[in-house]
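Data first, discussion second: the structure below is written as structure tokens.
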Amino acid sequence: MQNDKVIYLDNNATTRVAPEVVREMEPFFSDLYGNPSSMHFFGGKVQKDLDVARERVANLLGAKPEEIIFTSCGTESDSTAILSATKINPEKKHIITTSVEHPGVLNVCKHLESSKGYKVTYLEVDSEGRINLNELKSAINEHTAIISIMWANNETGVVFPVEEAAKIAASRNVLFHTDAVQAAGKIPINLKNSKIDMLSISGHKIHAPKGIGALYVKKGTVFAPFLIGGHQEKGRRAGTENVPYIVGLGKAAELAEKNLKKENSYVKKLRDKLEKGIIETIENVRVNGGGAERLPNSLNISFEYIEGESILIFLSEKGICASSGSACTSGSLDPSHVLLSMRVPLTFAHGSIRFSLSVYNTEEDVDFVIKELPEIIKKLRVISPFSEGKPLFGADSVGHKH
Ligand SMILES: *Cc1c(COP(=O)(O)O)cnc(C)c1O
């Protein structure tokens with residue numbers, strides 16, 4: 001790294017814990033160590049703080065406090081919701097989701113499909129990353145146990161019409177879950193008159209720590225717990241509550257609710273400046289999901305003929321943290337399942353990176369990227385075996401997975 005400054009543009013992967021959140025949590029690591037289930041005053045004090053946190057999370061979502069269950073993460077919330085539906089309706093063996101979900105939903109569905117005899121409909125997206133609600137309507141049948149559709153996509157930021165989808169589900173008496181991990185805190189959510197039955201959020205995507213999440217379960221929705229044991233969370237999630245983190249999530253939710261409008265118009269301005277700056281200075285780029293409704297902080301952009309991973313390495317050397325949509329965790333160089341579903345041409349899909357901003361970013365951060373990126377792309381295109389005018393491995397190597 002050439003400079004000391006970290007330019008963190010990977011907020012859809014995780015966020016900085018807000019200083020206010022750290023401060024709110026601190027006493028629960030020292031003086032306030034009571035167990036909220038204890039009979040004595042010392043536990044009772046902590047129970048009150050849990051109540052406050054639950055109320056704050058409920059406020060962010062326009063929900064009632066008793067509709068909030070604290071979990072260990074967004075992934076646990078997703079698993080809990082989908083598995084709950086399968087336990088309640090064991091005879092219904094069909095699930096509807098989308099092809100672009102986070103692994104927290106996608107891989108639960110795949111697991112049910114491969115080892116529990118489920119049939120799963122994966123709704124496809126169009127070239128801008130949008131789902132088609134008519135396809136949802138025709139996919140529902142009498143065996144459908146649950147529909148799970150994310151509120152906003154973590155890779156592209158594309159926002160799905162989940163309120164509409166939930167109405168369709170309700171009209172057919174099917175449970176509806178949404179993974180709102182990326183939507184929460186970035187776009188308004190109000191579950192008051194909503195048909196959404198269950199909704200997942202995660203702390204570390206909204207400036208609370210990693211390892212804390214929540215699941216909203218609408219009052220009256222039949223629910224089967226994931227963790228079975230003690231009576232915590234009204235028997236809906238056993239295990240002694242992670243008090244410091246729950247308090248942190250509560251504070252983060254309060255901040256997100258209070259600042260949502262102001263912060264997100266600030267973030268959107270930065271994102272739009274970044275997007276415009278890149279498009280104006282670099283040729284053969286493509287904004288993925290640019291024609292759809294998007295989260296204010298996300299920019300997924302492809303640079304033709306080069307590998308996203310190489311761009312990230314060069315950016316990282318400049319202190320800039322971004323992300324590639326690709327399945328890099330598996331060591332695979334295949335483009336991401338999200339971009340493949342959108343049928344992004346492979347010469348572009350391989351060269352995709354995601355910038356995701358937060359309120360902690362500044363105009364200088366964006367200016368620095370706009371200054372450094374063109375040189376990086378130029379260098380990589382010079383050495384790319386795929387660049388225009390250079391022979392490809394064969395004409396048909398474009399348009400296929402390798
Ligand atoms: C990060 C993320 C999750 C997982 O949340 P964890 O708390 O990391 O388990 C689920 N869904 C989406 C859309 C995410 O972005």
Side-chain angles (χ1 to χ4, degrees), residues 8-17 21 57 60-61 68-83 97-111 122-123 125 129 131 148-160 162 165 177-187 189 196 198-216 226-227 237 239 242 245-246 248-250 252-253 256 288-289 292-300 321-329 336-339 341 354-358:
Y8 189 76
L9 299 168
D10 200 11
N11 287 277
N12 288 7
T14 198
T15 58
R16 143 181 252 148
V17 180
V21 169
V57 172
L60 175 66
L61 304 176
I68 304 300
I69 302 171
F70 291 113
T71 64
S72 69
C73 58
T75 301
E76 186 192 320
S77 299
D78 286 345
S79 268
T80 302
I82 294 167
L83 296 178
T97 186
T98 78
S99 56
V100 298
E101 296 293 313
H102 186 274
V105 166
L106 209 51
N107 288 341
V108 178
C109 292
K110 286 192 178 151
H111 163 76
Y122 300 93
L123 300 174
V125 295
I131 53 166
S148 181
I149 297 178
M150 68 199 323
W151 199 312
N153 186 270
N154 44 300
E155 291 188 23
T156 57
V158 170
V159 175
F160 288 153
V162 285
H177 164 255
T178 181
D179 175 337
V181 168
Q182 291 296 341
K186 295 179 189 139
I187 52 177
I189 293 179
I196 293 168
M198 292 181 277
L199 174 148
S200 307
I201 66 165
S202 169
H204 74 104
K205 307 291 173 73
I206 61 165
H207 304 289
K210 296 154 191 68
I212 185 71
L215 178 66
Y216 158 89
F226 180 54
L227 282 188
R237 202 273 188 183
N242 185 353
Y245 281 49
I246 291 172
L249 176 59
N288 299 309
E293 186 190 342
R294 265 184 307 163
L295 292 175
N297 79 319
S298 303
L299 171 60
N300 189 306
C321 307
S323 158
S324 88
S326 111
C328 45
T329 42
S336 89
H337 69 289
V338 175
L339 299 183
S341 290
R354 176 190 71 192
F355 295 106
S356 47
L357 287 71
S358 86

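Whatever order the structure lists ligands and atoms in, that order sets their numbers, starting from 1. Because only heavy atoms are used, hydrogens play no part in the values below, and waters and symmetry mates are left out as well, while side chains stay in.
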Does the side chain of Glu101 pick up a donor-acceptor pair with the side chain of Thr98 at under 3.5 Å?
yes
Validation row: [X], [Y] side chains within 4.5 angstrom (heavy atoms):
| X | Y | value |
| --- | --- | --- |
| Leu106 | Met150 | no |
| Tyr122 | Ser341 | no |
| Ile206 | Thr15 | no |
| Val159 | Trp151 | yes |
| Asp10 | Ser356 | yes |

Which ligand 1 atoms, with their elements, are less than 4.0 angstrom from a heavy-atom of [X]?
| X | result |
| --- | --- |
| Cys73 | 6 (P), 7 (O), 9 (O) |
| Gln182 | 13 (C), 14 (C), 15 (O) |
| Thr75 | 4 (C), 5 (O), 6 (P), 9 (O) |
| His102 | 1 (C), 2 (C), 3 (C), 4 (C), 10 (C), 11 (N), 12 (C), 13 (C), 14 (C), 15 (O) |
| Asn154 | 13 (C), 15 (O) |
| His204 | 6 (P), 7 (O), 8 (O) |

Is there a side-chain hydrogen bond (donor to acceptor under 3.5 Å, both in side chains) between His337 and Ser99? Walk through the geometry before answering.
CA-CA 8 Å; His337 69 289; Ser99 56; over 6 Å; no
Would you tell me which option among Thr178, Val105, Asp179, Asn153 has the nearest heavy-atom contact to atom 13 (C) of ligand 1?
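Answer by nearest heavy atom: Asp179.
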Using heavy-atom distances only, which candidate in Glu155, Lys205, Lys210 approaches atom 14 (C) of ligand 1 most closely?
Lys205
Protein contact of atom 7 (O) of ligand 1 - nearest heavy atom, named by residue and atom, plus distance
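Looking at atom 7 (O) of ligand 1, the protein heavy atom closest to it is Ser202 OG, 2.7 Å.
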Below 3.5 angstrom, do we get any N/O pair linking Gly74 and ligand 1?
yes
